[in-house]
Amino acid sequence: MYDPAQDWLDGYEISDPDGRLVEEFRARPMGFHSAELQRVLLKMQIDPRCPNYVLFCRTPHKEWLIGRMAPRAGDPILLEEDRVFASVEDAEWAVFQRRWMLLTGEAIA
Amino acid sequence: MLKIVGYPDRFSVRPGETIRFMVSSELSAPYRVDFVRIVHGDVNPDGPGFKEIRVDGPTSGSYPSRFQAIHPGSCAVVADNPKLAGLSSFQVQAMIWPTLPARGEQGLIAKWSPDRGGFALVIDETGAPALRVADGSGGVNTISSSTPLIAREWYRIVASFDATTNTVIVTQLPLFDHPLVSAKARVEERIDITPQLDNGAPMTIGAWFERAEGARVITAGHYDGKIDAPRLLRRPLSEPETEALAAAASHHLRATSFASPVAALVADIVAAWDFSQEIESTRVCDVSANRLDGDIHNLPTRAVKGHTWTGEEMNWRHRPEQYGAIHFHHDDLYDAEWKPDFDLTVPTDWRSGSYAARLTCGEYEEHVPFFVIPSRGKPTAKLAFLVPTASYMAYANEHLLMTGEAAAGLGRLAVFTARDMYVNEHREIGYSLYDYHADGSGVCYSSRLRPIINMRPKYQFGAGMTGSSLHQYNADTHILDWLEAMGHDYDVITDEDLHDEGMTLLSDYHVVMTGTHPEYYSTAMLDALHAFKHQGGRLIYMGGNGFYWRIAFHRDLPGVIEVRRAEGGIRTWIAEPGEYHHSFTGEYGGMWLRQGRPPQTLSGVGFTAQGFDLSAPYKPTPDSQDPRAAFIFEGIAEGALIGDSGLVGGAAGGFELDRADRRHGTPPHALVLATTMGGHTDTYLVVPEELHITAANITGTSSPLVRADMVFFETPGGGAVFSTGSIAFAGSLSPNEYRNNASRVIDNVVRRFLDKTAFVAP
Ligand SMILES: [Fe+2]
C-alpha cells in the first residue's frame with residue numbers, strides 16, 4: 001500500500017530575507033518565539049529532509065555532542081565526537097544552522 | 001556506558017526484613033557494595049549538588065563480578081507429559097494473528113528439543129507457516145506453506161503428521177478473504193523421517209524450547225502476535241472434521257458434553273487450551289479431559305480480542321469466550337530471574353528513607369535504589385513522603401524519546417546521556433508503559449524485577465526541562481533534600497505499600513506529601529488517599545499530572561502493574577477497541593477522569609497542559625488574600641511572584657501542569673491561591689482530553705487552560721489539602737540556600753499541616 005505521508009513536504013517554504021528569524025533563534029534557542037519562528041521550527045522537526053537530530057550530554061552540565069538516531073531501533077546513536085559544545089543552546093544553534101542549510105540551501109553563520 | 005546493573009527483589013523493606021539484590025557485571029574485577037542514603041540526586045552545579053550518606057550495612061564489601069543474561073520474550077509452557085511424549089501421529093492447529101510475520105523464524109506451537117527431535121509449528125524465514133519435524137538423530141524436515149502471512153489478519157493454521165503414511169499437511173486459511181490477495185495455502189508432503197516427540201521437552205506456545213537451567217525453561221524463537229484456541233490431536237483429521245473442530249467451543253471439547261457437534265472427535269483431543277479461562281492468573285488452561293494446564297512466561301498480554309470477537313461486547317468479563325487470545329511479544333519481559341548476589345537485612349537503627357546499594361568498580365558506578373519504610377504500625381515521624389514507585393515503574397526504561405515522533409513534540413532537541421544509550425541498545429531490559437513493542441502494539445505491563453536504568457540518582461531525563469533535566473525518581477530527591485535541609489522529620493512509604501495496606505498505612509500520619517509526578521494509581525491507592533483526606537489527614541500534592549491513570553496490580557505476581565490507555569489523555573499508544581479492561585483485575589482502564597473520579601476530587605487540581613522547555617512563576621490571585629490562606633503566605637511579600645527561580649525550567653510552574661476546575665470536582669470552597677497562567681511558552685499545549693473540537697488556541701500564549709493552579713481547601717474531619725499542580729515546583733525549593741518564597745510557602749504549609757489543630761471548613 002502506498003503511503004503518501006512518506007513524501008510529505010508542506011507547501012511552506014522558509015524565507016527570511018532580512019535575517020530576523022535566524023537572529024531571533026540565535027538570541028534565544030529555547031523559550032518564547034514569534035509565531036513565524038515557531039513555524040520554521042515545526043517544519044524543521046518534521047521535514048523528512050532533516051535527520052532525527054538529538055543531543056548527547058557527555059559530561060553532565062558541561063559537554064554536549066550532536067547525534068542522530070540510527071534508522072533501526074536499538075542501533076547506537078550516531079555521535080559526532082569531533083565537535084563538543086559547552087551548552088545546550090550552542091548545540092541547538094548548530095543543529096538549527098544545519099537544518100537551515102538542508103531546507104533552504106543557505107549557510108547561516 | 002554502564003557495565004554493572006542490578007535490581008532488588010522489592011522496592012520497600014522494613015527494619016529487620018531482608019532485601020535481595022541481583023547484579024550483572026560485565027567487568028572481571030570484583031565490585032564493591034556500599035549502602036547509601038540518597039538525599040539529593042541532582043548533580044546540577046547550580047543547585048545543592050549530589051548528596052548521599054554512606055551507612056554501615058552488614059553486607060557491605062567486595063563481591064565477584066558475574067554476567068547475568070536476560071531472556072526476553074513471552075510464551076506459554078506446558079510441562080512434558082506421557083500424553084504428549086507418546087504421540088506418533090498428530091495434528092496441531094490454532095487461530096493466529098501475526099504482527100511481525102516477516103521478522104524471521106518464530107515458534108507458534110512446539111514440542112521441540114534442539115537435539116532430541118520433536119515438532120515445531122513455526123512462521124518461517126519467508127513469513128509463511130511451516131511445520132518443522134526432527135527425529136532426534138539429525139534428521140530435520142521443514143514443510144512450508146510457502147505463502148507469506150499478512151500482518152494483523154486472522155488465520156487458521158493446521159499442521160499434521162500421519163505416521164502411517166509419513167505425510168505432513170500444512171494448511172492456512174484466512175478468516176477474512178481479501179479480494180486479489182492470495183492468503184490460502186495447503187501443502188502435502190511425504191517425509192523420510194519420524195518425528196520424535198518423546199524428547200523430554202515441554203510443549204511451548206509462542207516460542208520453542210531451547211534448554212533447561214535447573215527448573216527454569218529457556219525458550220527461543222519468540223513469536224509476535226496473537227494465538228487463539230491452540231489444539232492438539234493424536235491423529236490428522238479430515239477437512240470436515242478440522243472444520244467442525246475449529247467451530248467448536250471449549251465446552252464442546254469434553255467427553256461429557258452430550259450435545260457436542262464434535263463428540264466423535266473428543267477422544268482424539270490431546271489438549272485444547274482456552275486462554276479465556278483464568279485470565280487474571282498465570283495459568284493457561286487445557287479444557288480437554290487431560291488437563292494439560294501450563295503457565296505463561298514473561299507476561300504476554302491477556303484479555304485481548306480473540307478471533308470470535310463480534311464488537312458487541314467491550315468487557316472481557318461479560319463474554320470471556322470472545323477474548324480467547326493471548327498476544328505474545330518477542331520483547332516481553334516480566335522477571336529477569338537473575339540469581340541473587342547479596343542481600344541485606346535492614347539494621348533496626350537505620351532511619352526510614354531513600355537508600356541505594358552503591359556498586360563501584362574502578363570508574364564504574366551503579367546505584368540500586370530501595371526504600372526503608374518504618375516498622376508496621378510504628379511510624380517514626382508525623383509526615384510521610386509517599387514515594388510514587390508505581391509511576392517509577394510506569395516509566396521504567398522508557399524509550400519514547402528515541403522515536404522521532406515524540407521528540408518532535410518537545411519543541412527542542414532531546415538530550416540523552418550514557419544511560420539512555422544503554423536503554424536504547426539493550427532492548428532486552430524491557431520497555432516502559434510509554435513504549436511500543438517492536439510489533440507496534442502498546443506496552444501495557446511494566447515490572448520492577450529487572451534493571452531500571454532511568455530510575456537512578458544522578459540520572460538526567462532527555463525531556464526534563466532546561467536546568468537540571470530531572471524527572472520522577474531523581475526529581476523527587478529535590479523534596480527529600482528540602483525536608484532534610486528544613487529539618488522536617490519524615491518517613492518514606494511507597495505506592496506498593498499503600499496498595500497493599502491502604503489507610504492502615506496512613507492512619508498514624510498527620511501529613512502525606514507526594515512526589516513530583518504521582519501519575520499512576522490503583523483503585524486501592526486512590527481509595528486510601530481519599531480516606532486519609534476525609535479522616536482529618538493533610539495531603540500536600542507536590543506535583544503535576546497526578547492521580548491520572550488507573551493501574552492494576554497482578555493478583556499472583558509481585559512487582560508488576562498494568563495500564564490500559566483507554567478513551568483519552570496524553571496517550572503514547574492507544575488501547576485497541578474492546579481492550580479497555582485490565583487483564584489483571586477486569587477493571588475498566590484509562591484515566592480516572594473518565595471513570596468519574598477526576599484528580600480534582602482528590603487534590604483540587606488535575607492535568608491540563610504540558611511543555612518541556614521553561615517554567616513560569618506563580619502570580620497570587622485575590623484568593624491569596626483570604627484569611628483562610630493567611631498561614632500559607634506568612635512572610636511573603638504581598639503580590640510577589642512565587643517560585644521565580646528554580647532548577648527545573650527556571651521557575652516553579654512547569655513541565656506538566658494541573659488546574660482547578662469545578663466541573664471536574666474541585667471542591668466549591670477551594671481557594672485558587674496563585675496561578676502561572678499567561679507565563680508559558682507555546683511549546684506548552686493543552687492536553688487532548690480537554691479538546692472537544694480541535695482548535696488552534698491551545699498553546700501557552702493562546703489558551704487560559706495552560707496554567708498551574710496552587711490550591712488549598714479544608715476537608716471533612718479537620719483535614720486539608722494543598723496542591724502545587726506543577727512537576728517543576730520541587731526544583732524551586734533549594735535556590736538561595738532554601739530561603740526563597742516557594743520554599744517558604746511549602747514550609748508554612750508543612751508546619752501548619754503538622755499541627756493537629758483541626759481545620760474548620762468555611
Ligand atoms: Fe507522566
Side-chain angles (χ1 to χ4, degrees), chain A residues 1 5 8 25 28-79 81 85 87-96 98-99, chain B residues 1 42-47 50 331 399 401-428 435-438 458-462 465-469 611-614 616 647 649-650 679-683 696 699-702:
Chain A
M1 229 168 32
W8 190 90
F25 186 87
R28 186 193 274 172
M30 283 175 288
F32 289 96
H33 290 148
S34 68
E36 235 176 307
L37 177 57
Q38 286 180 47
R39 186 153 189 199
V40 171
L41 296 173
L42 284 174
K43 183 166 180 64
M44 288 179 165
Q45 281 155 16
I46 57 172
D47 192 292
R49 289 172 290 178
C50 294
N52 185 359
Y53 284 116
V54 299
L55 299 184
F56 178 72
C57 179
R58 191 165 68 179
T59 313
H61 300 281
K62 273 209 183 83
E63 290 186 311
W64 290 265
L65 308 178
I66 293 175
R68 274 169 295 136
M69 296 309 292
R72 205 178 62 169
D75 284 352
I77 297 170
L78 309 161
L79 292 182
E81 314 233 21
F85 297 89
S87 73
V88 170
E89 286 77 5
D90 289 352
E92 282 271 1
W93 167 243
V95 171
F96 183 89
R98 288 194 201 183
R99 286 167 159 174
Chain B
M1 197 77 113
D42 183 359
V43 297
N44 189 347
D46 296 335
F50 185 71
D331 48 13
H399 293 71
L401 287 175
M402 293 158 196
T403 66
E405 191 190 1
L410 290 183
R412 61 187 180 93
L413 298 168
V415 186
F416 294 125
T417 64
R419 287 186 171 271
D420 302 305
M421 299 276 224
Y422 187 95
V423 168
N424 180 44
E425 292 168 39
H426 289 261
R427 301 277 164 154
E428 74 279 4
D435 298 320
Y436 290 89
H437 290 286
K458 301 185 182 177
Y459 177 69
Q460 295 178 270
F461 176 54
M465 309 288 287
T466 57
S468 294
S469 301
F612 303 92
D613 53 2
L614 305 180
L647 299 172
H680 296 287
T681 68
D682 288 319
T683 71
T699 73
T701 64
S702 61

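Proteins get letters first, then strands, A, B, ... in listed order; numbering begins at 1 in each. Given the structure is predicted, the values throughout are model-derived calculations rather than measurements.
In this structure, CE in A/M30 is found 10.5 Å from OG1 in B/T683, a value given to the nearest 0.5 Å. The CH2 atom of A/W64 sits 12.5 Å away from the OG1 atom of B/T417 when rounded to the nearest 0.5 Å.
At a 4.5 Å heavy-atom cutoff, the contact between B/Q460 and chain A is made by side-chain atoms alone. Residue A/Q38 touches chain B through its side chain alone, counting heavy-atom pairs closer than 4.5 Å. Looking at B/H680, the atoms closer than 4.5 Å to chain A (heavy atoms on both sides) all sit in the backbone: N, CA, C or O. At a 4.5 Å heavy-atom cutoff, A/I66 makes no contact with chain B through either its backbone or its side chain. Looking at B/T699, neither its backbone nor its side chain comes within 4.5 Å of chain A, counting heavy atoms on both sides.
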- Query: Where do B/T681 and A/H33 land on the side-chain contact (heavy atoms from CB on, under 4.5 Å) test, with the steps shown first?
  - Reply: CA-CA 8 Å; B/T681 68; A/H33 290 148; over 6 Å; no
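With sequence neighbours excluded, the residues satisfying side-chain hydrogen bond (donor to acceptor under 3.5 Å, both in side chains) with A/D47 are A/K43, A/R49. Residues forming a side-chain hydrogen bond (donor to acceptor under 3.5 Å, both in side chains) with B/D435 (at least two apart in sequence, or on another chain): B/H399, B/S432.
The two residues A/C57 and B/V415 come nearest to each other via the heavy atoms CB-CG1, 3.9 Å. Considering every non-hydrogen atom in both B/L413 and A/E92, the closest pair reads N-OE2, 2.8 Å. Across all their heavy atoms, A/I77 and B/N424 have their closest contact at CG1-ND2, 3.9 Å. Nearest approach of B/S468 to A/H61, heavy atoms of both residues: CA-CE1, 3.9 Å.
Residues A/P60 and B/K458 fail the side-chain proximity criterion, which asks for heavy atoms closer than 4.5 Å.
Among A/L55, A/D75, A/V95, A/I46, the residue making the largest number of heavy-atom pairs under 4.5 Å with chain B is A/L55. Between chain A and the residues B/T466, B/D682, B/D613, the most heavy-atom pairs under 4.5 angstrom are made by B/D682.
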